[in-house]
Amino acid sequence: VQMEKQVVDGLREVFQSGRSRLLQYRKQQHRAPNTYNTSLFELISIENDIKLVESDMADWAAPRPVKKNLNSTLDDVYIKPKPLGVVLIIGTWNYSWAMILQPLVGAIAVGNAAVLKPSELSEHSARLMKELLPLYLDKEMYQVVTGRVLETQELLKQRFDHIFYTGSSTVGKLVMEAAARHLTPVTLELGGKSPCYVDKNCDIVVGCRRITWGKFANCGQMCIAPDYILCEPSIQDRIVEEIQKTLLEFYHKDPKSSPDYCRIINTRHFDRVLALMNECTIALGGESDRSQCYIAPTVLKNVLPHFKIMQEEIFGPLLPIITVNDLSEAIHLINAREKPLARYVFSSDKTVFFSLPVSGGVTVNYVLMHYTVDTLPFGGVGNSGMGRYHGRHTFDQLSHHRACLIKSFAMESLNDARYPPLTAARLRK
Ligand code: NAD
């Protein structure tokens, strides 16, 4: 308990020294971890964010003039982004580096101090992060705290100036509850069931190839993975067929021995994902091996909305297909559920993709890709989260936008109308 308090108190003291606010300091901190091996898929997005911040940070940090009103014509009026103070960043296991380092890039860019809490489930990454980061970053300003749920709960008792949390909606609520005790603002990057509507008027071959890539990458353990497919009954079997062909191409006959096919994080999640298959008709896959936490790429057909698999985010390599009679039935089904983090639609008809209900983000005729554009805000809505990040959006999210007005001492008579006693003559002025 003392340890968590000491870390946060220490960071607040260092933050108050002011060194993290110097532009040169922030640039130097960004360059330092950039020497990591970025060959890993996950690290590319971090590197891109660092590059963008490096080139544009001075513009983002500069005063932003605003339109003036009559009273302020002669004044300097602008918004100045300021650091918030000490930020807590809590990450997930599925992209254990990106979910911590991407928010950190923005926190550094603004000039905040930060406590980083990587997930205990990806314990090797957490340990490595704790070991490596102090070698590159100012270790007094940015600190990694490792530990399990108990340690995270202790951290959450401390007063932070912002909490940036990535994880499940269930834990997101606990984080927000803890933050409320100190009126700390939060960014919640959560998950959910991201639907994928496949229109009969689309290129089904290309569409299924893309869906197969996005669903089974990292064994489906991705917050914006397409969770389930909605389509008309007439194309269900074609979709299964095309996914089967693509799976053969990507992972060959035996995905278990493919170096490109991942595993489920642990046996708890393995059991959870496997149990979701219970009521379902398996169209493809279905094999598993608990000793390796292996679940084959699996497609389930004729799934019904009340099945267990449709009640929670799958976060695994199971792809249910639900048939609907038309687009409006699909929209109705989506609207009856929590607002998801992403929505996908495959169609050649613009009226189809413009009719999609609200979601954190959307990619049309592909999956996942809106995440990779660092000028787009990434974040959820409703149950899938609040706040947004990536590039400039992280900078804005982790800064206070101070309203500034600077007056000169000249022309005091212009202010007279404001001062008592308020006579009719003064008001007319
Ligand atoms: P999780 O919510 O179980 O854990 C995330 C973090 O919360 C971990 O660091 C953990 O230590 C901490 N935690 C867990 N239980 C806690 C508790 N009771 N009190 C305080 N802290 C607690 O999530 P996960 O299993 O690591 O990740 C999967 C979830 O994250 C999925 O729902 C996925 O969609 C979501 N996710 C979202 C994004 C995004 O960018 N929106 C990215 C990746 C994952």
Side-chain angles (χ1 to χ4, degrees), residues 15-16 18-27 29-30 48-89 102-114 160-164 176 179 182-189 358 360-362 370 373-382 385-420 422 426-429:
F15 170 73
Q16 274 153 8
R19 70 172 178 262
S20 67
R21 276 162 252 193
L22 303 172
L23 204 62
Q24 200 46 39
Y25 169 94
R26 294 185 252 164
K27 282 194 170 164
Q29 296 294 314
H30 277 137
N48 286 343
D49 240 16
I50 292 175
K51 281 185 186 151
L52 183 70
V53 162
E54 277 264 303
S55 70
D56 293 2
M57 181 169 67
D59 285 346
W60 303 342
R64 303 175 187 179
V66 293
K67 209 170 160 185
K68 300 179 194 180
N69 63 12
L70 201 60
N71 285 334
S72 56
T73 323
L74 301 175
D75 307 331
D76 280 340
V77 186
Y78 57 87
I79 296 167
K80 175 72 179 135
K82 302 293 284 180
L84 290 166
V86 183
V87 174
L88 169 63
I89 300 173
Q102 268 190 279
L104 176 63
V105 170
I108 295 175
V110 175
N112 292 308
F160 289 95
D161 300 289
H162 193 98
I163 298 177
F164 193 108
M176 196 163 170
H182 299 288
L183 284 182
T184 299
V186 290
T187 303
L188 301 177
E189 296 288 339
V358 71
V362 62
H370 61 284
V373 184
D374 46 21
T375 44
L376 282 176
F378 182 78
V381 56
M386 60 183 71
R388 56 210 62 81
Y389 78 130
H390 287 187
R392 184 184 177 138
H393 306 286
T394 321
F395 185 94
D396 283 342
Q397 187 76 173
L398 297 180
S399 54
H400 167 60
H401 286 196
R402 182 151 77 172
C404 305
L405 182 145
I406 301 176
K407 252 190 198 311
S408 85
F409 283 109
M411 290 190 261
E412 174 63 357
S413 60
L414 289 178
N415 299 315
D416 278 354
R418 218 169 282 130
Y419 304 145
L422 294 176
R426 271 198 168 162
L427 283 175
R428 270 199 301 278
K429 246 177 155 183

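All figures in this text were calculated on a predicted structure; none of them were measured in a lab.
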Side chains of [X] and [Y], heavy atoms from C-beta outward: is any pair under 4.5 Å?
| X | Y | value |
| --- | --- | --- |
| Tyr78 | Ile406 | yes |
| Met411 | Leu74 | yes |
| Lys68 | Asp75 | no |
| Tyr389 | Asp49 | no |

Measure across [X] and [Y] and return the closest heavy-atom pair with its distance rounded to 0.1 Å.
| X | Y | result |
| --- | --- | --- |
| Arg392 | Leu52 | N-CD2, 4.4 Å |
| Pro81 | Phe395 | CB-CE2, 3.7 Å |
| Val381 | Gly360 | CG1-N, 3.5 Å |

Separation of [Y] [atom2] from [X] [atom1] (nearest 0.5 Å):
| X | Y | atom1 | atom2 | answer |
| --- | --- | --- | --- | --- |
| Gln102 | Phe164 | CD | CZ | 8.5 Å |
| Lys51 | Asp374 | NZ | CG | 10.5 Å |
| Leu88 | His162 | CG | NE2 | 10.0 Å |

side-chain contact (heavy atoms from CB on, under 4.5 Å) assessment of Leu84 paired with Val110 = CA-CA 8 Å; Leu84 290 166; Val110 175; over 6 Å; no

Keeping the roles fixed (side chain from [X], backbone from [Y]), state whether a donor-acceptor pair exists under 3.5 Å.
| X | Y | result |
| --- | --- | --- |
| Asn112 | Leu398 | yes |
| Arg418 | Leu414 | no |
| Asp161 | Val87 | no |
| Lys80 | Ala61 | yes |
| Ser20 | Gly111 | yes |
| Thr187 | Gly387 | no |

Evaluate side-chain contact (heavy atoms from CB on, under 4.5 Å) for His401 paired with Asp396, printing each intermediate quantity in order.
-> CA-CA 8 Å; His401 286 196; Asp396 283 342; 3.4 Å; yes

Output, in order, the C-alpha distance, side-chain angles, deciding distance and verdict of side-chain contact (heavy atoms from CB on, under 4.5 Å) for Trp60 and Thr394.
-> CA-CA 11 Å; Trp60 303 342; Thr394 321; over 6 Å; no

Using only heavy-atom distances, determine whether the side chains of Asp416 and Ser413 contain a donor-acceptor pair under 3.5 Å.
->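 Short answer, no.
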
Within 45 degrees of the axis of the six-membered ring of Phe15 and under 6.0 Å from its centre: does Arg21 put its NZ or CZ there?
-> yes

Should Ile89 and Leu104 be marked as a side-chain contact (heavy atoms from CB on, under 4.5 Å) after you check the CA-CA gap, both sets of side-chain angles, and the distance that decides it?
-> CA-CA 8 Å; Ile89 300 173; Leu104 176 63; 4.2 Å; yes

Would you say Arg402 has more than 12 foreign heavy atoms packed within less than 6.0 Å of its CZ?
-> no

May I ask you to check whether over 12 heavy atoms, not counting those of Arg388, lie within 6.0 Å of atom CZ?
-> no

Parallel, tilted or perpendicular: rings of His390 and Phe378 (30°, 60°) |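 Because their plane-to-plane angle is under 30°, the rings of Phe378 and His390 count as parallel.
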
